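Input: a single structure, listed below in structure tokens.
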There are 2 protein chains.
Amino acid sequence: MVTRAESAAATRRALLDAAAELLDLGGPDAVTLREVGAKAGVTRGAPYRHFADKDSLLTAVASEGWERLADRVHALRTDPSRPASEKLRDAVRALVDLGRAQPHLHRMLFRWNDKRLGTLERLHRQVCGPAGDPDAADRAAGRFQEEFLAVVTAVAGERGAGHHGALLLAGAHGIVDMEHGGHLGADRWRTTADELVGTLVRVVVEAGER
Amino acid sequence: MVTRAESAAATRRALLDAAAELLDLGGPDAVTLREVGAKAGVTRGAPYRHFADKDSLLTAVASEGWERLADRVHALRTDPSRPASEKLRDAVRALVDLGRAQPHLHRMLFRWNDKRLGTLERLHRQVCGPAGDPDAADRAAGRFQEEFLAVVTAVAGERGAGHHGALLLAGAHGIVDMEHGGHLGADRWRTTADELVGTLVRVVVEAGER
DNA sequence: AATTTTCAGATGACGTTGTCACCTCAACCA
DNA sequence: TGGTTGAGGTGACAACGTCATCTGAAAATT
């Protein structure tokens, strides 16, 4: 026998999986609540028992993406059998790999607060208080950032670690994003995304050591 | 008296302006063909006389964004009154400024081939031949890249200019994109987007000189 | 054990959207 | 001048997000 809580949890999981799969295949617009429901074996209205709206569902998917990334970097960081510099390279590569394997999810990770127009967002938060769901994604992304920052610190020391960590993250994200857009494909640059990531890490680490 | 061609050209312009304005205000989803038409003084069906579909309209807007950027960098590059290193800094800053002023347009610039799933896209192009509209955006983006590359070459020389140019572009794009997403706002990094751009340019130029 | 409450899920409905087929009519060309 | 063209208007359609309402079974209460 299945308790109600179990059944609900299973449905929620199925909804998240279905949404993630549709996201990978066709991007956010391809994630229709009707099809998500169908894939999860429920009807179009069911998702509203688990998520406030479509955006919340996608935010939850992004949230799990950050979690996975954070776990991976954490495992990497706490592995004593490898030198710190290798760890940093692999931490960056973890982000790049996820971006390569799941381009649309990558886009989602760096877009969960897309709707806010900057200023409007802060006003909204001041008035309504922090919303429940976005904060989950916020926290998950924060966990990844903490882990990543720790890896950077292990290599470059406390001094300017945040600055260089942010530069690494932004650089890696930019490279992956431009690769998706086809902006690195032109043979104008005479390079590849992999070479760029390599140079990025080397150059930033050297700057950090100085 | 207005000729038909003039009237049509004016409508097309009005449609592009309206779409660009709506894009700036609320992102791609806020660009409704109905509202675009209304702003341009026509009805919802009229845009289809000028653009194949909504995506083509947005692609055309992105195309003009690239054009503007290319023009700006070109003017900068051919100004003899300033040192090459300053020009490079300002070329990067041109991209950053546009990203700051028009976040949604920035997103659009790096996303005009979002729908393609990489492999699928190439198959489609092989079968159907190059589509008319995406190639326009492609060319406009290419013009910007050429101009930017020329600026980089003037500073760092031919050797590895493409590599370092691509790294600069990807880095700048990544920084702006992360800023939009709020991922630089956390005081975890103890830095700002401006500082990051500064470090990026300095570090890459140093690497290029070596 | 019987009854009430709760809540996941189903269903019908509504407004909005992109898109198309069809219509109109003024500018254009022969 | 009469036919052609093509920009724009209009009605219609399917798909979508979302909500109000209903249902039935699990859970809580008595």
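If you're wondering where the values come from, they're calculated on a predicted model, not measured in any experiment. Chain A is the first sequence line, chain B the second, and so forth, proteins listed ahead of strands; every chain is numbered from 1.
The nearest whole Å value for the distance from the CZ atom in B/Arg12 to the P atom in D/dA7 is 11 Å. Atoms CZ (B/Arg13) and P (D/dA7) sit 17 Å apart, rounded to a whole Å. D/dT18 atom C1' lies 14 Å from atom CG of A/Leu57, rounded to whole Å. As rounded to whole Å, 13 Å separates atom C1' of D/dG9 from atom NE2 of B/His50. When rounded to the nearest whole Å, the span between CG of B/Asp55 and C1' of C/dT17 equals 15 Å. Atom CZ in B/Arg34 sits about 13 Å away from atom P in D/dT10, given to the nearest Å. Between the P atom of C/dA13 and the CG atom of A/Leu33 lies a distance of 20 Å, rounded to the nearest Å. Rounded to a whole Å, the CZ atom of B/Arg44 is 8 Å from the P atom of D/dT10.
One finds a salt bridge joining B/Arg111 and B/Asp55 here, because a Lys/Arg side-chain nitrogen approaches an Asp/Glu carboxylate oxygen to under 4.0 Å.
Side-chain proximity of B/Thr11 to D/dC16, D/dG8, D/dT10: nearest is D/dG8. Taking every side-chain heavy atom of A/Val42 into account, C/dG9 is the closest of D/dG17, C/dG9, C/dT11. The side chain of A/Thr32 lies closest to D/dG17 when the candidates are D/dG17, C/dT19, C/dT11.
Side chains of A/Asp79 and A/Ser81: a donor on one and an acceptor on the other come within 3.5 Å. At a cut-off of 3.5 Å, with distance as the only test, no side-chain donor of B/His173 or A/His183 sits close to an acceptor on the other residue.
The residue A/Thr43 sits close to a base: some heavy atom pair falls under 4.0 Å. Residue B/Val31 is classed as a sugar-phosphate contact, given heavy-atom separations below 4.0 Å to backbone atoms only.
For CZ of A/Arg190, the number of neighbouring non-hydrogen atoms (other residues, nucleotides, ligands) closer than 6.0 Å is 12 at most.
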Inset, instruction - Would you give a per-nucleotide map of nucleotides 1-6 of chain D, 5' to 3', where B means the base has a protein non-hydrogen atom under 4.0 Å away, S means only the sugar-phosphate does, and - means neither? - result: ----BB

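Each of B/Glu147, B/Lys87, B/Glu86 was scored for a side chain to side chain contact (heavy atoms under 4.5 Å, CB included) with B/Leu76, with one residue passing: B/Lys87.
Checking B/Glu35 against B/Ala5, the closest nucleotide of DNA chain C that is more toward the 5' end is the one next to B/Glu35.
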Inset, instruction - Evaluate the side chain to side chain donor-acceptor pair (under 3.5 Å) criterion for residues A/Thr11 and A/His50: first the C-alpha distance (whole Å), next the side-chain angles of each, then the deciding distance (0.1 Å), finally the verdict. - result: CA-CA 9 Å; A/Thr11 299; A/His50 301 270; 5.0 Å; no

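Look at A/Tyr48 and you won't find any side-chain N or O under 4.0 angstrom from OP1 or OP2 of D/dC19.
Not less than 6.0 angstrom separates the ring centroid of B/Phe148 from the ring centroid of A/Trp189.
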